[in-house]
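Data block below; observations after.
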Amino acid sequence: MKSSSPYKDWSIEQRIARMLQDEEFRQHCLKCKKENPQFDEDFAIAEKIAFIDISSVKFDDTQLYPTQKFSIDEIKKYLIEFYKHLDSLSKNDMSLLDVVKNNSKYVTMDNHGDKTARSYCSSSVDKNGEKRREIFINPEGRIGDISTSIHEMGHSLSQTFIQCQAPKDRNMSEIVPVILDAISNYYLSQNIPSLESNFNANAIHTQIQNVIKAREVLLDSLVIKLMSNEITLDEVKSKYGDLFLKNTNILKRCLENIETYKFTNMYEKRYLIPQAIALKMLDLYKTNPEKSIELFKEILKNDVNWTVEETLKYLGIDSKQSLIDNYVENYDSRMDDLLKSQPLTV
């Protein structure tokens with residue numbers, strides 16, 4: 001059970017003042033900054049996405065929990081069909097389905113009573129040199145349950161899982177799975193027409209969540225800068241107050257994490273670049289599915305050897321900055337297109 005902060009009944013101002021006096025946490029923030037050579041770049045990317053205005057986006061979020069729940073057998077069925085579909089689009093001799101079937105022996109769906117436990121795919125080598133692998137998938141009754149399963153199995157396609165091989169660039173870890181998220185959600189919307197609106201709602205929700213993730217990353221980085229004396233509290237309030245003080249949910253979660261020694265240290269940044277790549281790959285999939293999966297398999301084949309920058313170069317994208325600029329510039333029009341396909345909310 002998640003531990004609760006002993007300061008939860010304090011005012012936000014009191015909790016921030018306490019944080020600023022916490023020398024142990026200050027040292028932790030200095031360590032976080034030192035260990036991330038890409039801190040300034042991560043900060044700039046999160047800031048650009050965080051300032052996207054999502055206040056006017058309205059949709060029926062009950063569609064994320066359809067009446068028609070997917071059984072475990074249905075999740076397995078659609079997962080297999082999806083990977084078979086991807087293989088059918090590519091002349092590459094890499095069989096994704098064969099790898100998925102082989103790695104199914106590592107799958108567990110035992111959530112130990114926690115219905116909201118986060119799915120994951122992990123691999124490691126213990127001190128005796130023994131390789132350990134586990135794929136945990138937790139169906140939650142959401143429209144995204146199938147794509148979540150596809151995502152976690154997507155992690156298992158990498159040599160980081162198969163051989164427990166350390167990647168050249170840890171920031172590559174979510175690129176393949178997030179591409180699969182985007183393509184599978186669209187694929188399922190076309191193959192289960194009775195739930196097309198639900199899958200469309202999931203696409204809307206994903207883009208809203210991406211902005212929220214960026215705001216969480218931005219706030220974490222502001223905390224690090226604040227504790228490192230690189231910015232003042234007044235400067236934070238002046239520039240970022242509208243993001244974090246009008247609606248304090250993200251700020252309260254951040255303070256809770258700090259006070260319970262679970263500071264996330266920009267954890268969600270790992271999804272920001274992959275999400276922007278995934279949308280480009282989805283656009284290509286819609287017009288030229290064979291080409292998109294050819295590119296996808298090449299990224300997968302090299303995900304332990306390439307950096308994010310090398311991956312972008314392979315895809316013909318100039319830089320992270322241009323990728324994110326394009327993502328931000330097209331956010332509203334993409335969201336408008338998704339919202340047009342949704343039933344009117346009451």
Side-chain angles (χ1 to χ4, degrees), residues 4-55 169-171 174 207-276 308-309 319-329 331:
S4 178
S5 166
Y7 310 105
K8 65 180 181 179
D9 294 327
W10 290 19
S11 70
I12 286 176
E13 291 75 13
Q14 288 174 316
R15 294 170 79 176
I16 292 173
R18 190 214 66 83
M19 177 192 76
L20 291 172
Q21 298 301 314
D22 188 338
E23 288 305 315
E24 182 182 359
F25 180 60
R26 187 183 307 281
Q27 293 305 312
H28 178 67
C29 287
L30 291 169
K31 183 172 180 285
C32 290
K33 177 82 183 294
K34 183 178 180 180
E35 291 178 348
N36 182 8
Q38 297 182 149
F39 179 88
D40 291 335
E41 182 179 53
D42 292 338
F43 177 87
I45 288 170
E47 185 179 49
K48 284 181 179 179
I49 299 173
F51 273 107
I52 293 174
D53 183 7
I54 55 175
S55 61
D169 182 354
R170 288 182 301 171
N171 295 308
E174 293 296 338
Q207 294 314 309
I208 293 172
Q209 286 301 115
N210 200 50
V211 174
I212 293 173
K213 287 177 181 179
R215 291 177 181 178
E216 290 174 347
V217 174
L218 177 61
L219 183 55
D220 279 1
S221 58
L222 287 170
V223 167
I224 291 171
K225 289 166 74 75
L226 188 61
M227 298 303 290
S228 304
N229 296 318
E230 295 180 14
I231 193 171
T232 68
L233 185 57
D234 285 342
E235 288 171 334
V236 172
K237 289 180 178 179
S238 174
K239 188 170 183 180
Y240 305 101
D242 284 349
L243 286 181
F244 303 115
L245 294 177
K246 286 186 175 180
N247 183 328
T248 59
N249 289 340
I250 293 174
L251 176 56
K252 286 179 178 178
R253 283 201 300 271
C254 182
L255 289 169
E256 174 84 18
N257 287 332
I258 292 168
E259 292 157 0
T260 56
Y261 301 92
K262 296 174 183 176
F263 180 58
T264 52
N265 185 20
M266 304 166 72
Y267 178 86
E268 301 290 355
K269 74 184 178 70
R270 66 187 63 199
Y271 297 104
L272 303 182
I273 291 288
Q275 186 59 238
V308 171
E309 288 78 7
S319 64
K320 293 179 184 177
Q321 290 74 21
S322 65
L323 173 71
I324 296 304
D325 285 344
N326 180 267
Y327 175 84
V328 173
E329 288 166 9
Y331 187 93

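By convention here, the first residue in the shown sequence is residue 1.
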Problem - CE on M266 to CG on N36, rounded to 0.5 Å - result: 5.5 Å

Practice task
Any chance you could measure M19, atom CE, to L233, atom CG, to the nearest 0.5 Å?
Solution key: 7.5 Å

Problem - N257 side-chain N/O to T264 backbone N/O, donor-acceptor pair under 3.5 Å - result: no

Problem - Where I54 and I212 come nearest, the two heavy atoms and their spacing - result: CD1-CG1, 4.3 Å

Fill in the blank from the handout: Partner of R15 under side chain to side chain contact (heavy atoms under 4.5 Å, CB included), picked from I258, L255, L251, is L255

Practice task
Kindly give the heavy-atom pair with the smallest separation between A276 and L323, and that separation in Å.
Solution key: CB-CG, 3.7 Å

Practice task
Quick one: list whatever passes ring-ring contact (aromatic ring centres under 6.0 Å, His included) with F25, sequence neighbours left out.
Solution key: F263

Exercise for the section: Walk me through it: do D234 and T232 pass the test side chain to side chain donor-acceptor pair (under 3.5 Å)? Expected result: CA-CA 5 Å; D234 285 342; T232 68; 5.4 Å; no

Completion exercise
Interatomic distance, CD@E256 vs OH@Y7, rounded to 0.5 Å, equals 12.0 Å

Handout entry: Nearest atoms (heavy-atom pairs only) where E47 meets Y240
Key = OE2-OH, 2.6 Å

Exercise for the section: Report the C-alpha separation of E174 and Q275 in whole Å, then their side-chain angles, then the decisive distance to 0.1 Å, and conclude whether the side chain to side chain donor-acceptor pair (under 3.5 Å) test is met. Expected result: CA-CA 9 Å; E174 293 296 338; Q275 186 59 238; over 6 Å; no

Practice task
Can you sort out the partners of Y267 under ring-ring contact (aromatic ring centres under 6.0 Å, His included), two or more places apart, ordered by chain and number?
Solution key: none

Completion exercise
When rounded to the nearest 0.5 Å, the distance separating OH of Y327 from CD of Q207 is 4.0 Å

Practice task
Please report the C-alpha distance between I49 and Y331 in whole Å, then the side-chain angles of each, then the deciding distance to 0.1 Å, and finally whether the side chain to side chain contact (heavy atoms under 4.5 Å, CB included) criterion is met.
Solution key: CA-CA 9 Å; I49 299 173; Y331 187 93; over 6 Å; no

Handout entry: Non-neighbouring partners of Y271 that pass ring-ring contact (aromatic ring centres under 6.0 Å, His included), sequence neighbours left out
Key = none

Handout entry: Value rounded to 0.5 Å, distance of CD in Q38 from NZ in K269
Key = 6.5 Å

Fill in the blank from the handout: Distance col, row I273:CD1 vs I45:CD1, nearest 0.5 angstrom, shows 4.0 Å

Completion exercise
Residue set satisfying side-chain contact (heavy atoms from CB on, under 4.5 Å) with S11, at least two apart, ordered chain then number -> E13, Q14

Determine all donor-acceptor pairs shorter than 3.5 Å in which one atom belongs to a side chain in residues 221-228; sequence neighbours excluded.
residue : atom : partner : partner atom : Å
S221    : OG   : V217    : O            : 3.2
S221    : OG   : L218    : O            : 2.7
S228    : OG   : I224    : O            : 2.7

Fill in the blank from the handout: Sorted by chain and residue number, the salt bridge (Lys or Arg N to Asp or Glu O under 4.0 Å) partners of D325 (sequence neighbours excluded) come out as K48

Completion exercise
salt bridge (Lys or Arg N to Asp or Glu O under 4.0 Å) filter on D22, not counting sequence neighbours, yields R18

Completion exercise
Sequence neighbours excluded, the answer for side-chain hydrogen bond (donor to acceptor under 3.5 Å, both in side chains) partners of D242 is none

Completion exercise
For K31, the salt bridge (Lys or Arg N to Asp or Glu O under 4.0 Å) test, sequence neighbours excluded, returns E35

Fill in the blank from the handout: Sorted by chain and residue number, the salt bridge (Lys or Arg N to Asp or Glu O under 4.0 Å) partners of E268 (sequence neighbours excluded) come out as R118

Problem - Residues which pass side-chain hydrogen bond (donor to acceptor under 3.5 Å, both in side chains) with E23, listed by chain and number, not counting sequence neighbours - result: R26

Problem - Any residue meeting side-chain hydrogen bond (donor to acceptor under 3.5 Å, both in side chains) with N249, in chain and number order, not counting sequence neighbours - result: N247

